[in-house]
Amino acid sequence: MSINYIPRRFTVVRDKELCINCGCCVRQCSNECHYYADDGKTALVNSNACVACHRCVDMCPTGALRIEKYVCDYRENANWTPQYQQEICRQAATGGVLLSGMGTPKPYPVYWDKILLNASQVTNPSIDPLREPMEIRTILGRKPEKITVEKKGKSTVEMPPQVILETPIMFSAMSFGSISLNAQKSLAMAAKNLGTLFNTGEGGLHPDLKDYTDCAIVQVASGRFGVHKEYLQNSRFIEIKIGQGAKPGIGGHLPGEKVNVEVSNARMIPEGSDAISPAPHHDIYSIEDLRQLIWSLKQATHNEKPVSVKIAAVHNVAAIVSGCARAGADIIAIDGFRGGTGAAPTRIRDNVGIPIELALAAADQRLRDEGIRSSISLVAAGSFRCSADIVKAIALGADACYCASAPLIAMGCHMCQTCNTGKCNWGIATQRPELVKRLNPDIMHERVENLINAWNHEIKEIMGGMGINSVDSLRGNRLMLRGIGLTEKELEILGIKHAGE
Amino acid sequence: MSITAGLRRYEDVNEEINRRLKSDDKTAVREVNGQRYLGCGLDSGKSLDIYGTAGNDLACYLNGGRVTVYGSAQDAVGNTMGGGEIIIHGHSGDALGYGMRDGKIFVRDNVCCRGGIHMKEFRQMKPVLVIGENAGAFLGEYMAGGTIVLLGLNMKHGEKLFGPHCASGMHGGKIFVRGAFPKANLAQNISVCELEPEDEKELSAYVKAYCRYFGADYAEIMSKPFKKLVPATSRPYANLYTPNL
Ligand code: SF4
Ligand code: SF4
Ligand code: SF4
């Protein structure tokens with residue numbers, strides 16, 4: 001022990017009565033917590049590096065393992081919490097910027113939990129989705145300002161390219177590099193079977209996924225990794241990544257250790273080199289410049305692909321969204337500050353940005369006020385934990401939602417929040433071959449599909465209860481929402497009434 | 001027959017270029033007045049001559065084609081290009097060759113800010129940027145691969161070879177500079193080296209091409225010494241972060 005010692009977070013408890021010394025946990029823990037005693041047979045444990053990912057717990061054949069919170073009390077202090085003291089200790093030792101994985105764990109308000117949904121009683125019959133048609137098909141893309149029809153009723157308006165989804169749920173951007181190829185492949189397979197889309201993130205498209213280009217959103221980020229003509233053309237739509245909810249205003253940095261042969265192929269950079277995405281796109285310093293990039297992408301794809309702009313939810317989000325719409329974005333994705341990430345500076349993740357609920361409501365309202373809401377599609381992102389969150393987001397004005405953490409949890413993620421270490425025991429946020437192979441895409445895509453199918457059904461059930469049979473009638477339908485325990489101001493921004501009103 | 005751009009919208013002009021290049025391998029546009037995206041994504045075997053001032057994002061996503069500008073070009077020439085050649089008989093605006101991965105850009109005169117930013121190489125792909133005169137601030141910022149050649153021709157008294165923050169965040173590739181350069185404008189962690197024999201060979205090929213395109217005197221250019229700027233480390237930010245477990 002030394003001045004750098006930080007009390008461990010967890011204790012791994014092994015029930016000696018149950019343990020049969022099979023050694024499974026020794027093989028499973030990439031943090032090398034479990035090991036054999038000198039006799040080569042008895043399994044022992046050193047809990048110091050345990051991150052509570054539960055891999056060993058889940059894999060132990062006899063249920064002998066349990067993870068406990070380790071308590072080493074500090075003198076109570078609501079200001080100088082152990083967390084801050086420990087972080088200072090880390091920085092005193094290294095001089096480094098603190099880096100965290102996954103979305104912020106801080107107890108900021110989750111407005112989804114303060115919004116209640118409506119249901120029909122007497123005056124308007126509810127609908128049973130098991131027997132009656134219930135439409136959740138979602139169409140994204142720019143809509144013409146007005147429709148003109150010829151005599152026989154056929155539209156004479158040239159329709160901009162549209163994207164048809166069989167569910168309002170898409171998978172958010174997770175690059176190959178931040179997650180494993182097997183994880184990305186599972187999402188691609190699930191997207192294809194579900195009739196929705198996955199998002200390559202800024203990591204380029206791996207050749208193994210070429211059969212899934214029809215359900216791929218390809219990202220163009222400031223580092224322009226893997227971006228070339230064919231990549232742009234082989235996609236369902238193109239997304240310009242301006243920002244990410246977990247780290248608004250800063251770039252990305254995939255350390256060289258994670259750039260193995262495969263990642264290097266997809267990103268088109270040499271093996272072992274750092275993949276640095278600058279904070280801004282250096283060809284975008286204004287809304288006019290954004291317009292330039294949007295139209296360059298449209299030119300490169302003969303106007304066949306919708307172009308999305310993804311921004312982080314920040315203070316001025318409504319005005320920015322309006323600017324993006326006017327710059328020619330067909331789809332605008334807003335990523336709230338609770339959104340996940342493979343790695344983000346802790347301070348940025350935990351302090352910058354605003355919740356998606358408020359950002360979405362403000363942006364939708366602004367676009368409505370300006371009379372341009374119906375011309376573009378809004379996608380909400382930034383932590384949807386269940387189907388009810390999605391229904392609430394749609395009622396607040398989202399056309400569709402981006403989910404990432406939920407499908408990862410379906411694939412085994414236990415929110416240990418250490419994705420940045422590259423040692424994910426579930427084969428998700430890692431490039432180590434022995435860990436990646438733990439995640440079998442042939443099984444995992446089904447689990448992801450199960451999850452989304454379940455959510456789809458729940459969405460239909462909730463809609464049916466409201467007496468709504470099409471997601472189009474739910475969109476922006478804030479009358480279906482009521483706040484609980486919210487202030488006047490919060491209700492005003494969310495554009496909803498309080499429960500009982 | 002060439003295409004006349006005049007005051008037409010860029011969509012129009014580009015569409016006509018694409019139509020022409022479906023059947024022909026070569027076409028020319030005259031009276032260009034800043035129309036954007038000319039030569040966007042031009043494929044190998046196709047070539048486009050431009051007379052006038054090419055607008056922003058000239059030859060973006062260039063895909064092996066060849067674009068020659070008889071005049072100057074505005075911002076973001078060769079944006080994210082994947083191969084081919086761009087020859088500019090004039091000067092170029094900001095963010096020249098942003099994120100270019102392969103191919104060559106030759107600019108006869110000077111370039112503004114952030115030339116060659118985030119250039120990167122991959123396997124046999126090696127982007128090359130040759131600038132005849134001088135360059136503005138942030139030349140080669142975040143450069144991850146490829147070669148920039150800065151010749152410093154025709155410089156007037158008091159002009160500097162490159163502006164401030166040259167090669168800031170550079171972690172790959174090399175920059176050849178000719179003659180005196182403002183050391184104070186160079187970012188930290190950049191080493192100034194002598195050229196190795198293979199560098200000399202590489203440089204000579206680029207200078208020859210420059211002379212061929214723009215009628216410059218090879219011997220005169222090579223009479224001044226060159227230096228090579230390379231990143232002192234390929235991982236400038238390797239120790240930036242501390243895992244917060
Ligand atoms: S996996 Fe379970 S049974 Fe096997 S050695 Fe570990 S604790 Fe014992
Ligand atoms: S890190 Fe995960 S696998 Fe290792 S001991 Fe802790 S819970 Fe088990
Ligand atoms: S993806 Fe892996 S490392 Fe990241 S939180 Fe989930 S289990 Fe932990």
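Both backbone and side-chain heavy atoms feed into the values below; hydrogens, waters and symmetry mates do not. All chains are named by letter (A, B, ...) in the order of the sequence lines, taking the proteins before the strands, and each is independently numbered beginning at 1. Keep in mind that what you see is a predicted model, and the values were worked out from it rather than measured.
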Portion of [X] that has a non-hydrogen atom of chain A nearer than 4.5 angstrom:
X	answer
B:Ala144	neither
B:Arg114	side chain
B:Met125	side chain
B:Asn79	side chain
B:Asp57	both

Can you tell which of [options] has the highest number of heavy-atom pairs within less than 4.5 Å of chain B?
options	value
A:Ala300, A:Ser264, A:Pro255, A:Ser296	A:Ser296
A:Leu293, A:Leu297, A:Val51	A:Leu297
A:Gln86, A:Glu257, A:Gln233	A:Glu257

Problem - Ring centers of B:Tyr241, A:His253 separated by less than 6.0 Å - result: yes

Handout entry: Pair A:Phe225 + B:His118: ring centers closer than 6.0 Å
Key = yes

Problem - Part of residues 91-101 of chain A lying next to chain B, heavy-atom separation under 4.5 Å - result: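 From residues 91-101 of chain A, the residues near chain B are A:Thr94, A:Gly96, A:Val97, A:Leu98, A:Leu99, A:Ser100.
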
Consider only side-chain N and O atoms of [X] and [Y], and report whether a donor and an acceptor are under 3.5 Å apart.
X	Y	value
B:Thr53	B:Gln74	no
A:Arg224	A:His281	yes
A:Arg267	A:Ser175	yes
A:Glu239	A:Gln219	yes
B:Arg123	A:Asn265	yes

Handout entry: Heavy-atom proximity to chain B below 4.5 Å, by part of A:Asp283
Key = both

Handout entry: From B:Cys112 atom SG to B:Asn110 atom CG, the distance as rounded to the nearest 0.5 Å
Key =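 Reported to 0.5 Å precision, the distance equals 6.5 Å.
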
Problem - Qualifying salt bridge (Lys or Arg N to Asp or Glu O under 4.0 Å) pairs with a residue from residues 83-106 of chain A, counting only residues at least two apart or across chains - result: A:Glu87-A:Arg347

Between [options], which residue shows the highest count of heavy-atom pairs closer than 4.5 Å to chain A?
options	answer
B:Cys40, B:Gly145, B:Cys113	B:Cys40
B:Asp94, B:Asn18, B:Thr242	B:Thr242
B:Tyr37, B:Tyr61, B:Phe138	B:Tyr37
B:Thr80, B:Ile117, B:Asn239, B:Asn63	B:Thr80
B:Glu15, B:His171, B:Glu11	B:His171

Exercise for the section: Kindly indicate whether a cation-pi arrangement holds for B:Arg30 with B:Tyr51, taking the cut-offs as under 6.0 Å to the six-membered ring centre and within 45° of the axis. Expected result: yes

Practice task
Flag the pair A:Lys241 and A:Glu202 as a salt bridge only when some basic side-chain nitrogen lies within less than 4.0 angstrom of an acidic carboxylate oxygen.
Solution key: yes

Problem - Salt bridge present between B:Lys201 and B:Glu196 (N-O < 4.0 angstrom) - result: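 A salt bridge is absent here (no side-chain N lies under 4.0 Å from a carboxylate O).
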
Practice task
May I ask you to decide if the ring planes of A:His228 and A:Tyr231 are parallel, tilted or perpendicular, using 30° and 60° as cut-offs?
Solution key: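 Correct class here is tilted.
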
